[in-house]
Amino acid sequence: MTIETRREWFRTMAALGAGSLVDALIPRVLTGRAWQQPTQDRTAAFRAQIGAVPIQTQRLGDQLTLLSGPGGNVVVLHGSDGLIVVDTFVAPAWPKLEQSLAALGAPVTYVINTHWHFDHTDNNAPLHAAGATVVAHANTRRRMSESHHLAVLELDFAPSPAAALPQRVFSAGYTLEANGDRLEVSHVPPAHTDTDVTVRFVHANVLHAGDVFFNGRYPYIDGNTGGRVDGMIEASNRLLHEAEADTRIVPGHGPLATRADLVKYRDMLSTAADRVGKLKASGKSLEESIAAKPLTDLDGDWGSGRYKGDDFVRIVYLTL
Ligand SMILES: [Zn+2]
């Protein structure tokens, strides 16, 4: 297969939403050949794989709905003031997202991004084109304007087009009142990235944690854009301080959570940071630390998501 043929093939597979099929076929296609898949094509395949997941709808209140599936969890506040949408899924999921929002009574007046990552911001442009103002932390706009390499995933991202950038940015916090609820958007110090915000729906008693919280699975931490494991622990403690016993917490990834779920997650992060930190401090290299298998007893509870135990040792080591 020539490079051009390969590129064409990946574009076709991506267009078919066949990312997982692409992953499955790569080893057979490449047998006996030294070859690296072009990173832009890998990113497109990753997007397509995520975008192929159907949207599931869960009611959180009379005017609050959780949409889950093709990317981070999306929360929609709906009512006579129009829709306020927190996070936007990946680009290939746009037709499904548009349909789900129409069912909740578009137009969308505001979009809030919990951070800069593509699976939370990809559909900013079509939502803005439909009339929404996109609101995010100033660092989200800055990070989206740059190109990035995401370690562990080994994916490359080009700067987002101007039409996808937030129109309104803030540094400490932002408040919105609509549809009988009050949204308090708060920046947290560098944790998953240096662009993270959490969104509290005061009346509904719901907290959107963004990717500071992966419920029931090892999280990704993006050291390239300021993420650090200690920041993830601090951000979890902040959320625990804000949450009441009956607050429903929407994680960036994973099912709807309780405060008790967040406590378990925070404890897992502390244990992992402590163990990997000791290996690193004793002079062990990244590969030696992975080989030491320091998280084996945690893998049963936390290793069923995208990131397995070895991946999480790598993520923690790189962000200590
Ligand atoms: Zn993220």
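Order of appearance sets the numbers: ligands from 1, and atoms from 1 within every ligand.
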Problem set entry | Sole candidate of Thr195, Asp211, Asn139, Thr140 that passes side chain to side chain donor-acceptor pair (under 3.5 Å) when paired with His115 | Asp211
Problem set entry | Student check: side-chain heavy atoms of Ile84 and Val76 closer than 4.5 Å | no
Exercise. Where the Zn ion (ligand 1) is the corner point, what angle links ND1 of His117 with NE2 of His192, to 10°?
Worked result: 90°
Exercise. Looking at side-chain heavy atoms only, is the closest gap between Leu256 and Gln58 below 4.5 Å?
Worked result: yes
Problem set entry | Metal proximity, Asp211 vs the Zn ion (ligand 1), N/O/S cut-off 2.8 Å | yes
Problem set entry | Test applied, side chain to side chain donor-acceptor pair (under 3.5 Å); reference residue, Thr114; option that passes from Thr121, Asp87, Asp196 | Asp87
Exercise. What's the atom name of the N, O or S in His115 nearest to the Zn ion (ligand 1)?
Worked result: NE2
